[in-house]
Amino acid sequence: MSVSRRAGLLTGLGFSLASATWALLAIGGVNVLISHAPAVHTVVRVAGGAYLLWLGLKMIATARRPIGNGAAAVHPSGASAFGKAFVVSMTNPKSISFYGSIFSVMVPLDAPLWFDAAIVLLALFISALWYCGLALLFSHRLAGSVYGRLKAFVETAMGVFLIAMGGRVLLGR
């Protein structure tokens, strides 16, 4: 919203590719690895929690900055928007838990390859529809105007929420 519609769509596609990647990894057994290697789980949890804390603090620190005022320097555009979204989603411990738990219960171990491929493509499609839809909605002029008035409140509240989530992840709760 603060950069461009193109950057928003590329961010949505980065999140979507991460969703498909997590679906593929879950089908491939990353959940088994994490459940049998507590050290891997701990590293992912601590890294993810620390990252959520950092994002929350950064969001609170920049909440009162007007939209477009130096936003291009703070928020990536183009390929870097895609890459940042992918990394954010891939380092989110909630993504590991979500995909690992859903796929370990819902996908049979003896499922044919076409079934696994269909699930990965479905995760990609649904995520792209959701995230790119949000990018299109929030790049609309009216949505930008409303958000501009509420930006400081929304971003401070989201920053506090991210800090709380990061703390919860770090404490293992």
For the residue pair Ser145 / Arg149, report whether a side-chain donor-acceptor contact shorter than 3.5 Å exists.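 Present: a donor and an acceptor within the cut-off.
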
With distance as the sole test, does [X] use its side chain to make a donor-acceptor pair with the main-chain N or O of [Y] at under 3.5 Å?
{"X": "Ser95", "Y": "Thr91", "value": "no"}
{"X": "Ser4", "Y": "Ala7", "value": "yes"}
{"X": "Lys84", "Y": "Thr11", "value": "no"}
{"X": "Ser139", "Y": "Arg5", "value": "no"}
{"X": "Ser89", "Y": "Ala85", "value": "no"}

Minimal non-hydrogen separation, [X] against [Y], with atom names:
{"X": "Ala20", "Y": "Val120", "value": "O-CG1, 3.7 Å"}
{"X": "Thr156", "Y": "Ala63", "value": "OG1-CB, 3.3 Å"}
{"X": "Cys132", "Y": "Leu13", "value": "SG-CD2, 3.9 Å"}
{"X": "Leu162", "Y": "Met59", "value": "CD1-SD, 4.3 Å"}

With a 4.5 Å cut-off on side-chain heavy atoms, are Thr21 and Leu17 touching?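 The answer is yes; the side chains approach within 4.5 Å.
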
Is there side-chain contact between Val46 and Leu170, with at least one heavy-atom pair below 4.5 Å?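 When only atoms from C-beta onward are counted, Leu170 and Val46 do touch, with a gap below 4.5 Å.
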
Separation of [Y] [atom2] from [X] [atom1] (nearest 0.5 Å):
{"X": "Ser80", "Y": "Phe86", "atom1": "OG", "atom2": "CZ", "value": "15.0 Å"}
{"X": "Ile119", "Y": "Ile27", "atom1": "CD1", "atom2": "CD1", "value": "5.0 Å"}
{"X": "Glu155", "Y": "Arg64", "atom1": "CD", "atom2": "CZ", "value": "10.5 Å"}
{"X": "Ser16", "Y": "Phe82", "atom1": "OG", "atom2": "CZ", "value": "8.5 Å"}
{"X": "Met158", "Y": "Leu55", "atom1": "CE", "atom2": "CG", "value": "10.0 Å"}
{"X": "Ile126", "Y": "Leu121", "atom1": "CD1", "atom2": "CG", "value": "11.0 Å"}

Go through Leu25 and Met90 one step at a time and tell me if the side chain to side chain contact (heavy atoms under 4.5 Å, CB included) criterion holds. CA-CA 11 Å; Leu25 291 172; Met90 290 304 295; 4.0 Å; yes

